[in-house]
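Working notes for the structure below.
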Amino acid sequence: MTETKRIIVALDFATETRAIALVERLDPARCRLKVGKELFTRSGPAFVEALQDRGFEVFLDLKFHDIPNTVAGACAAAADLGVWMVNLHVSGGPRMIEAARMRLDRMSSRPLLIGVTVLTSLSRDDLSAVGCPGEPSERVLALAALGHAAGLDGVVCSPLEAAAVRAAEGPGFRLVTPGVRPAGAALDDQVRVMTPREALAAGADDLVIGRPITAADDPSAALRSIEDSLMS
Ligand code: C5P
């Protein structure tokens, strides 16, 4: 993959107005945008269409998790909306993933189908409490393998897990990594981070970056500086 457009800017805003104020300062040739549950629940498909009309490719981060028929239908709706990437929870199981992939394969063009393995907010104890004992990192690898076999194009993972997932799943399986911070940037509420360059070296394909760009005085310059750090 080339070094261009590796960055997905997370639009973590409560209102469309604030999101658009940021988007107006970004160039669709240089980044993609992630729309999550908050903004989508407030502003809906029309907002996604408005971003696409401006030339941006959109990662619709709604993390679907339901019975196979329902998730397949939701993925088809995302494809109709024209998004570039959509995701679901791998823990919904192989039949759910296969149903989503089969439905997308029947469409004339489809988004990349990406899986969430283990939410990084879940500790070992949290996993145990919901009946999944063991190390979260082992579960990430097991779910990535299950998702790959069931037809996912890739998974979302921490950059700290990227090298292990890449080694296990091989090239061509897309790794989308949040938890990325430019050297010297504020960590905000992220704890275990890598720099953009380190994340790519570990095997990441797409870097999800929010506040280092969205909270910068000059978001375009912040994006450029991250791009420069990838080239150097
Ligand atoms: O502002 P920041 O760069 O921390 O934003 C990262 C984005 O990636 C947010 O939208 C956050 O919800 C998302 N994310 C994350 N860690 C995960 C999965 C998603 O930070 N494990």
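One-based numbering, in listed order, for ligands and for the atoms of each. Because only heavy atoms are used, hydrogens play no part in the values below, and waters and symmetry mates are left out as well, while side chains stay in.
Glu98 has no carboxylate O lying under 4.0 Å from a charged side-chain N of Arg95, or vice versa, which leaves the two without a salt bridge. Electrostatic pairing of Arg101 and Asp105 counts as a salt bridge here, judged by a charged N lying under 4.0 Å from a carboxylate O. Checked for salt-bridge contact, Asp228 and Arg197 miss the test: no charged N lies under 4.0 Å from a carboxylate O.
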Mind listing the side-chain donor-acceptor pairs of residues 181-194 below 3.5 Å, one per line with the distance, residues two or more places apart or on another chain?
residue	atom	partner	partner atom	Å
Arg181	NE	Ala186	O	3.0
Arg181	NE	Asp188	OD2	3.4
Arg181	NH2	Asp188	OD2	2.9
Asp189	OD1	Arg211	NH1	3.1
Asp189	OD1	Arg211	NH2	2.5

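Put simply, the residue from Arg6, Lys5, Arg166 that forms a salt bridge (Lys or Arg N to Asp or Glu O under 4.0 Å) with Asp205 is Arg166.
Checking side-chain atoms of Thr70 against main-chain N and O of Asp66 turns up no donor-acceptor pair under 3.5 Å.
Ligand 1 is surrounded by Ala10, Asp12, Lys34, Thr120, Pro178, Arg181, Gln190, Val208, Ile209, Gly210, Arg211, Pro212, each with at least one heavy atom closer than 4.0 Å.
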